[in-house]
Protein chains: 2
Amino acid sequence: MNLNERKLQILQAIISDFIRSAEPVGSRTLSRKYEMGISPATIRNEMADLEEMGFLTHPYTSAGRVPSTKAYRLYVDDLMERHELEEKEKTQIRNKLNAKILELDKTVEHAAKLLSELTNLTSFAVTPGKHEDFLKYVNIMPVDADTVVLVLVSESGKVSNTALKLKVPCRNEQLELLSKVMTYNYKGKKLSDILTMDIIRSFESDIAAMSKLAESIMPRFMITLENMLDTELYLDGLMNIFTIPEYNDIEKAKLFLEMVNQKRFTDVLVNRDNGVIITIGDENSEEIMRDCSLITATYKINGKLIGRLGVIGPTRMRYNHVTSVIEYMTQHLNEAFETGGKEDE
Amino acid sequence: MNLNERKLQILQAIISDFIRSAEPVGSRTLSRKYEMGISPATIRNEMADLEEMGFLTHPYTSAGRVPSTKAYRLYVDDLMERHELEEKEKTQIRNKLNAKILELDKTVEHAAKLLSELTNLTSFAVTPGKHEDFLKYVNIMPVDADTVVLVLVSESGKVSNTALKLKVPCRNEQLELLSKVMTYNYKGKKLSDILTMDIIRSFESDIAAMSKLAESIMPRFMITLENMLDTELYLDGLMNIFTIPEYNDIEKAKLFLEMVNQKRFTDVLVNRDNGVIITIGDENSEEIMRDCSLITATYKINGKLIGRLGVIGPTRMRYNHVTSVIEYMTQHLNEAFETGGKEDE
DNA sequence: GGTTAGCACTCACCTTAATAGAGTGCTAAC
DNA sequence: GTTAGCACTCTATTAAGGTGAGTGCTAACC
């Protein structure tokens with residue numbers, strides 16, 4: 001049995017209808033709503049075929065048909081028409097994301113918020129892991145007799161800092177010298193490399209002369225560096241789950257909210273392939289996500305560091321609209337982070 | 001009619017029972033469970049009196065009795081026995097909060113998390129508003145030919161920074177000079193005062209000489225300063241709502257979650273009185289919180305800056321336990337922030 | 001041979017009714 | 001003042017019947 005034109009047409013109609021209504025689609029409804037010149041009985045025959053082929057299921061004997069993962073996959077890959085965003089949506093994206101391009105993390109947070117507003121789904125955005133980022137600058141500034149602030153700046157413009165009290169008071173020149181030595185030693189090195197032992201050890205011997213000072217500072221230097229490496233996850237639109245019929249059940253809503261709050265969930269996001277990736281229902285590797293579809297895309301900072309952006313929702317989602325929104329947003333982010341990433345105003 | 005010993009005893013029993021079970025308490029149940037040597041009928045008479053006095057209600061004609069706000073108030077003020085925390089809970093609080101005392105914000109975040117774990121309610125913690133905080137140090141550090149990092153440090157140890165590109169390249173000495181001038185001008189000034197216009201204006205004229213550089217930096221200086229002033233709100237245990245019978249209804253759970261996510265909610269928290277404050281049900285000023293009780297307490301940093309910590313949950317909550325936990329935690333925070341606030345290890 | 005009308009059948013969902021259970025309020029007796 | 005007894009109230013649960021949307025099958029139709 002093969003998928004002829006008419007079967008595809010019926011399948012497409014069922015998917016569209018179900019995405020809109022969240023109700024199983026019956027043959028009668030279908031023939032009434034989409035005038036395709038064939039009777040319900042004929043549609044029923046075709047439906048039976050489509051079910052046998054694995055594209056449809058029905059929840060109980062005499063309910064309408066519901067698309068399967070396989071159907072959504074076919075739809076996403078072949079059937080789905082490209083959805084052109086409304087001008088209103090486009091300007092909204094441009095405006096909201098341009099306003100705050102000054103601060104990378106804020107921009108990413110805004111992106112997540114905007115994405116959930118435009119899709120009415122739960123969205124997330126992950127800042128790039130800094131493993132491909134390089135250290136640019138180390139400075140230890142005196143504040144008090146025994147208080148200093150340690151500031152690290154990376155190539156991509158991330159600034160990380162900490163205030164700490166010294167066990168031994170020290171002169172400003174010592175701090176300056178140490179800053180310079182550290183900058184000299186670490187500049188241009190990968191952040192993640194600096195965290196490995198041997199670099200540290202060799203350096204520690206270099207500065208044995210001022211070891212007391214360095215001893216105070218090194219542990220915190222490492223912690224601050226680690227903080228710099230962390231990705232940040234922004235979730236938004238969590239409450240949208242309550243407007244989705246699939247989650248009208250308290251138990252399901254609870255499970256969903258607990259899932260996206262798990263550390264596990266973050267890991268899944270970070271480990272996804274690049275580009276726009278759609279995983280549908282049981283295509284997801286994690287058991288707990290089998291009821292959901294996930295659409296993610298990547299954006300780049302200076303064409304290099306990679307962050308992610310996406311939505312999670314029921315398998316029944318407006319794939320074409322969501323995809324268009326995400327594509328437009330990541331494209332915009334890429335451009336924004338490329339040229340004017342750190343430009344002022 | 002007055003509250004004699006027996007009435008109080010009955011009221012206390014009803015409150016305790018209802019806090020535990022979340023079910024209206026009947027006369028029969030009461031006489032069976034708490035052997036107070038009187039028959040259900042007598043209890044019913046007393047109940048009728050208590051209801052007339054406004055301490056009890058019943059949801060429908062023949063349901064058991066439920067405590068009113070007035071009853072909880074009496075309970076909290078007079079009847080409630082002090083609850084001694086288990087040693088396990090105490091050590092948990094000490095350990096978890098000591099481990100991270102290095103970073104103020106992290107500690108506050110941990111406190112919120114711990115509080116929700118110990119109470120099984122939704123908790124929150126607010127970092128102090130910095131309006132009583134003073135600027136300690138300004139530094140503008142060169143990173144690149146045209147990139148600098150602006151770092152502000154406050155009296156309480158808060159560090160705020162931003163990276164920015166200069167429109168005009170400039171020499172290091174200029175930056176150093178500007179840092180020094182700014183530090184000299186602003187040191188010891190209240191953060192919020194610096195934001196007012198006249199200080200800025202007078203300063204701007206002072207440095208007319210290097211106006212180009214200052215022009216680049218001042219707007220961002222102000223933004224960074226503002227960021228420093230912000231309070232941070234940490235919410236935790238949101239999902240606990242799903243285990244509370246009162247919120248077993250999807251609509252109620254939704255309303256609750258939406259409420260605590262409102263900006264309005266933050267405002268309520270920030271504007272509460274100092275010390276341990278319990279507001280019960282309709283004692284709350286905000287309409288939307290009339291079904292909840294709120295317990296908050298304040299902690300101090302260096303005995304001065306004031307942050308807040310608390311829980312929100314159904315009026316039926318374990319007031320004595322929650323109060324003990326919050327008291328113990330704030331007391332611990334006060335001590336920790338007093339002496340070793342910024343001490344390293 | 002594909003298409004269609006007709007029909008029996010299925011199953012969720014809604015409404016209604018019946019029943020059980022917990023509790024109250026009142027009264028009369030202790 | 002206290003208590004036993006009893007009628008009454010209201011919720012919650014279960015069962016039963018009806019409705020409607022939908023299916024699958026068969027036989028007739030073009």
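Below, chain A is the first sequence line, B the second, and so on; all start at residue 1. Reckoned from all heavy atoms, side chains included, excluding hydrogens, waters and symmetry mates.
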Nucleotide of C:dT4, D:dT2, C:dT3 approaching A:Arg6 most closely (side-chain heavy atoms):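 When the side chain of A:Arg6 is considered, C:dT3 is the closest of C:dT4, D:dT2, C:dT3.
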
Once you round it to whole Å, what is the distance between [atom2] of [N] and [atom1] of [X]?
X	N	atom1	atom2	answer
B:Glu23	C:dG21	CD	C1'	13 Å
B:Ile10	C:dG23	CD1	P	15 Å
B:Arg65	C:dA22	CZ	P	17 Å
A:His58	D:dT23	NE2	C1'	7 Å
A:Asn45	D:dA27	CG	C1'	13 Å
A:Glu52	D:dC25	CD	P	11 Å
A:Ile38	C:dG1	CD1	C1'	16 Å
B:Arg44	D:dT2	CZ	P	14 Å

With distance as the sole criterion, do the side chain of A:Thr61 and the base of C:dT10 form a donor-acceptor contact below 3.5 Å?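 By the distance-only test, no, there is no pair.
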
So for A:Arg28 and D:dG22, does any side-chain atom that can act as donor or acceptor lie under 3.5 Å from a complementary atom in the base?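 No such pair is found, so the answer is no.
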
Most 5' of B:Tyr60 and B:Ala48 on DNA chain C, judged by nearest nucleotide: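 In this pair, the answer is B:Tyr60.
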
Any chance CZ of A:Arg20 has more than 12 other-residue heavy atoms, nucleotides or ligands included, within less than 6.0 Å?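 Yes, the 6.0 Å shell around CZ holds more than 12 heavy atoms from other groups.
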
Aromatic plane relationship, A:Phe265 with A:Phe124 - under 30° parallel, 30 to 60° tilted, over 60° perpendicular: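 Perpendicular.
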
Please give me the minimum heavy-atom distance between A:Tyr247 and A:Pro314, naming the atom from each residue.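 Closest approach of A:Tyr247 to A:Pro314: CE1-CB, 4.3 Å.
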
Mark yes or no for whether A:Ser68, through its side chain, and A:Gly54, through its backbone, hold a donor-acceptor pair below 3.5 Å.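 Yes; judged by distance alone, with no hydrogens or angles, the pair exists.
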
How is B:Ala41 classified with respect to the nucleic acid when contacts are heavy atoms under 4.0 Å: base, sugar-phosphate, or nothing?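 If one applies the 4.0 Å heavy-atom cut-off, B:Ala41 turns out to touch a base.
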
Name the nucleic acid region contacted by B:Thr42, choosing base, sugar-phosphate or nothing; use a 4.0 angstrom heavy-atom cut-off, strictly under.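 Result for B:Thr42 = base.
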
Taking atom types as modelled and ignoring hydrogens, do the side chains of A:Asn284 and A:Thr279 form a donor-acceptor contact shorter than 3.5 angstrom?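 Checked: A:Asn284/A:Thr279 side chains pair up, N/O donor to acceptor below 3.5 Å.
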
Applying a 3.5 Å limit to both distances, which nucleotide forms a Watson-Crick or G-U wobble pair with [N]?
N	value
C:dG21	D:dC10
D:dT3	C:dA28
D:dG22	C:dC9

Examine D:dG22: is either OP1 or OP2 under 4.0 Å from a nitrogen or oxygen in the side chain of A:Ser62? Give yes or no.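 The answer is no; no side-chain N or O of A:Ser62 sits under 4.0 Å from OP1 or OP2.
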
Is the phosphate of D:dA21 approached by A:Arg32 (side-chain N or O, under 4.0 Å from OP1 or OP2)?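 The answer is no; no side-chain N or O of A:Arg32 sits under 4.0 Å from OP1 or OP2.
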
